[in-house]
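Below is one structure; the comments refer to it alone.
When a ligand or atom number is given, it counts from 1 through the structure's own listing order. What you see below is based on every heavy atom in this structure, not just the backbone, and it leaves out hydrogens, waters and symmetry mates.
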Amino acid sequence: MKRVISKLLRFCSISTIAEPDNKTNVSQIDSNANFNKKLQIEKDLAKAIENEDFDIYYQPQVNTEGMIFGAEALLRWNHHEWGFVSPGEFIPIAEETHLINRISDWVIKKVCRQLSNWEEKGLTVQSVSVNISPVRLMEKGLVEFVTRQLEIYNIPATCLEFEITEHSLLKFDKSVLSTIKELKELGVRIAIDDFGTGYSSIEYLREFHADTLKIDQVFIQNMSTTNEKDKVIVSSILHLAKGLDMRIVAEGVEEYDQFHFLKQKECDYIQGYLFSKPVPADMYEKLLRVGYIKPVKQDVKPAHEQRKFYRFDFPFPVLGQMTITEVNNRRVDVGATEILVKDISLGGVKVQSSLKLPVNADFKFKFKFIVMDEQFNLKGTLRWKDKAKGDTYHYGIASNLCRKDEKRLASVINKMSALRNRNQEIPGTEFVYDDSLLIS
Ligand code: C2E
Ligand code: MG
Ligand code: MG
């Protein structure tokens, strides 16, 4: 297909760059070439609809435990000559020629039929997301069409989610907003796709009342190259969406450390090759029967353990106390709570606590503990969170030590490491041998 399109484009561009005698010729050649190009693709796409050369693949969306909660329907064009053609290649042409309207309706119908088929088989299908082109949104009759399909196949509207790209928000006029409103009234969920790459403002997010925000895969994929900026962007999007009470799906998750980071930042849902590529309906059905998917790659080294500083793991947790001093730059006074210090470095500590803190908020702490008869009173900020035993959590707290504390702590860590290497006890430290202390 690529070859055919590029041949066609070459044909078009050769025609357009040919030195013309006058302006009338340029526009004539231009319009002829465009006309030919559109005609060819249009013909093939139109035939594809009639021949049912399209297929729908389903890419599972999972929560951080790997439980399937839905899927995205992705169109595949199985051309008799060219094989599988990527939607990225033919959707823009279908949009240009307005054939996307027929294609969109075909997808909606097929998804509704599939949903009812799964329901008849007794499978629990939470929702399927369908990509909706802005062209189809602007065409009349979408709400009526969707209503009819839901009636024909007797499925609840909440099973459907429409994905609208952030880019297309720009093209929206008032009529589109009212179409979205009507779809929402019907019960169809709305997702903003490829968030972060377009130009939509926060204002749009508020106006839309979208249910879901899908973080574009460019941010997710750049995160693995220790790109701090992309991590900050992803954290901020997560924070923003949480604040607006939106569901968040991170798209394009391929690596375990990307997943680990997202999990720590309390991203709700994941879609990506790490769990599954888009698969044909029968394969997705098999996945649904199992209900959950394991990541294809395993944890090599969690991001939070790739530290700059040497970290000392206590043989048993050390009892300490923690006080929250600030939340989102506001001072708070909530008293001290018991914590277990699991490991320590000059960069911070890992603690276990029964407090459930939202990791996206900006927390500042004071914590104290005694090791080798030295008391440490440190300040820190919350960096990451992991579920621990029972109703407890592990928290990573980064601390910026003053030079005096840094020297004291470095000396204590050195002494403790030496003792551990000689299998000797660490004196003057309040170890907790019963880790159920925090579990109520
Ligand atoms: P999209 O809606 O953002 O869909 C996600 C794309 O990312 C899909 O590409 C999916 O296969 C791919 N993807 C998911 N996880 C990963 C990953 O971990 N790594 C990588 N490298 N890619 C991943 P696909 O299927 O080629 O679709 C491309 C685009 O075509 C879609 O982007 C969507 O904008 C459009 N599209 C697909 N189906 C339809 C449709 O039925 N209607 C409309 N209007 N557009 C569609
Ligand atoms: Mg999408
Ligand atoms: Mg997307």
Side-chain angles (χ1 to χ4, degrees), residues 1-2 45 48-49 53-62 70-78 83-112 114 127-139 142 160-169 171 189-198 200 210-224 237 247-259 262 269-281 283-284 293 295-297:
M1 172 65 179
K2 254 190 190 135
L45 278 173
I49 302 171
D53 284 342
F54 290 123
D55 201 357
I56 295 174
Y57 274 40
Y58 293 84
Q59 186 175 29
Q61 297 171 326
V62 296
E72 177 172 5
L74 292 157
L75 198 56
R76 297 290 178 262
W77 183 4
N78 192 2
F84 276 103
V85 183
S86 152
E89 244 176 302
F90 67 84
I91 295 283
I93 297 166
E95 285 181 330
E96 220 181 294
T97 56
H98 282 232
L99 270 172
I100 194 69
N101 295 330
R102 286 174 64 196
I103 295 176
S104 302
D105 290 358
W106 183 87
V107 174
I108 295 168
K109 190 174 188 65
K110 186 103 178 173
V111 165
C112 288
Q114 186 64 73
S127 77
V128 169
S129 310
V130 176
N131 291 283
I132 298 290
S133 156
V135 177
R136 180 63 187 103
L137 273 174
M138 278 185 274
E139 179 82 10
L142 178 64
L160 273 187
E161 182 169 72
F162 283 175
E163 292 191 8
I164 300 154
T165 61
E166 198 195 17
H167 286 285
S168 58
L169 296 182
K171 301 178 189 168
R189 300 169 59 88
I190 301 292
I192 296 182
D193 202 359
D194 303 343
F195 187 79
T197 55
S200 77
D211 304 276
T212 306
L213 202 74
K214 296 189 78 178
I215 307 180
D216 193 84
Q217 45 185 286
V218 293
F219 301 112
I220 309 297
Q221 283 165 8
N222 283 347
M223 280 184 347
S224 51
I237 297 176
R247 182 160 84 173
I248 310 154
V249 180
E251 220 171 19
V253 181
E254 292 184 2
E255 302 298 333
Y256 198 93
D257 60 350
Q258 295 163 351
F259 168 56
L262 291 160
Y269 302 109
I270 310 286
Q271 183 183 338
Y273 295 175
L274 181 67
F275 286 90
S276 171
K277 289 192 170 178
V279 292
M283 193 110 80
Y284 182 62
I293 313 175
V296 293
K297 291 177 191 169

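- Contact annotation for Lys214 and ligand 1: no heavy atom of the residue comes within less than 4.0 Å of the ligand.
- Of the possible polar contacts, one joining the Gln221 side chain to the Gly252 backbone as a donor-acceptor pair under 3.5 Å is found.
- With a 4.0 Å cut-off on non-hydrogen atoms, Val253 touches ligand 1 through its backbone and not its side chain.
- Formation of a donor-acceptor pair under 3.5 Å by the Gln59 side chain with backbone atoms of Ser276 is found in this model.
- The protein heavy atom nearest to atom 16 (C) of ligand 1 is Tyr273 CE2, 3.2 Å.
- Here the closest heavy-atom approach between residue Pro60 and residue Gln271 is recorded as O-CG, 3.8 Å.
- Closest to atom 32 (O) of ligand 1, if we only count protein heavy atoms, is Asp193 OD2, 4.7 Å.
- Annotation: Glu72 places an N or O atom under 3.5 Å from an N or O atom of ligand 1; distance criterion only.
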Exercise. Decide yes or no on side-chain contact (heavy atoms from CB on, under 4.5 Å) for Ile164 and Ile192, but give the supporting numbers first.
Key: CA-CA 5 Å; Ile164 300 154; Ile192 296 182; 5.9 Å; no

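- For the pair Glu161 and Arg247, the salt-bridge criterion is met [side-chain N within less than 4.0 Å of a carboxylate O].
- Listed by chain and number, the protein atoms of type N/O/S under 2.8 Å from the Mg ion (ligand 2) are Glu72 OE2, Asn131 OD1, Glu163 OE1, Asp193 OD2; waters are omitted.
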Practice problem: Any chance you could lay out the ring-ring contact (aromatic ring centres under 6.0 Å, His included) test for Phe259 and Phe275, step after step, and finish with the verdict? | Solution: CA-CA 10 Å; Phe259 168 56; Phe275 286 90; 5.2 Å; yes

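- Using a 4.0 Å cut-off between heavy atoms, Arg136 makes no contact with ligand 1 at all.
- Contacts of Thr165 with ligand 1, taken as heavy-atom pairs under 4.0 Å, are absent altogether.
- Ionic pairing of Arg136 and Glu95 is not present here: no N-O contact between side-chain nitrogen and carboxylate oxygen is shorter than 4.0 angstrom.
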Exercise. Check step by step if ring-ring contact (aromatic ring centres under 6.0 Å, His included) holds for Phe54 and Phe90.
Key: CA-CA 12 Å; Phe54 290 123; Phe90 67 84; 5.7 Å; yes

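- Protein heavy atom nearest atom 34 (O) of ligand 1, with residue, atom name and distance: Asn131 OD1, 4.4 Å.
- At a cut-off of 3.5 Å, with distance as the only test, no side-chain donor of Gln217 or Asp194 sits close to an acceptor on the other residue.
- Within the 4.5 Å cutoff, the side chain of Phe162 has heavy atoms near those of the Ile108 side chain.
- Across all non-hydrogen atoms, the minimal contact from Asp193 to Glu251 is OD1-OE1, 3.5 Å.
- Atom numbering of ligand 1 starts at 1 in the shown order; those under 4.0 Å from a heavy atom of Gly272 are 15 (N), 18 (O).
- The single protein non-hydrogen atom nearest to atom 15 (N) of ligand 1 is Gln59 NE2, 3.0 Å, given as residue, atom name and distance.
- Here is the list of ligand 1 atoms found below 4.0 Å of a heavy atom in Gly252: 15 (N), 16 (C), 17 (C), 18 (O).
- With ligand atoms numbered from 1 in the order given, ligand 1 contributes 44 (N) to contacts under 4.0 Å with heavy atoms of Ser133.
- At a 3.5 angstrom cut-off on N or O pairs, Glu254 counts as close to ligand 1.
- When only non-hydrogen protein atoms are considered, atom 30 (O) of ligand 1 lies nearest to Pro87 CB, 3.5 Å.
- Residues Trp77 and Pro87 form no side-chain contact, since every pair of their non-hydrogen atoms from C-beta on lies 4.5 Å or further apart.
- Regarding atom 11 (O) of ligand 1, its nearest protein heavy-atom neighbour is Pro278 CG, 3.3 Å.
- Residue contact check for ligand 1: Arg76 places a non-hydrogen atom closer than 4.0 Å to it.
- Checking side-chain atoms of Glu139 against main-chain N and O of Val135 turns up no donor-acceptor pair under 3.5 Å.
- Atoms of ligand 1 lying under 4.0 Å from any heavy atom of Val107, numbered from 1 in the order shown and given with element: 41 (O).
- Nearest non-hydrogen protein atom to atom 41 (O) of ligand 1 is Leu75 CB, 3.6 Å.
- Applying the side-chain hydrogen bond (donor to acceptor under 3.5 Å, both in side chains) criterion to Asp211, with sequence neighbours excluded, gives Lys184.
- At a 4.0 Å cut-off, at least one heavy atom of Gln221 sits close enough to ligand 1 to count as contact.
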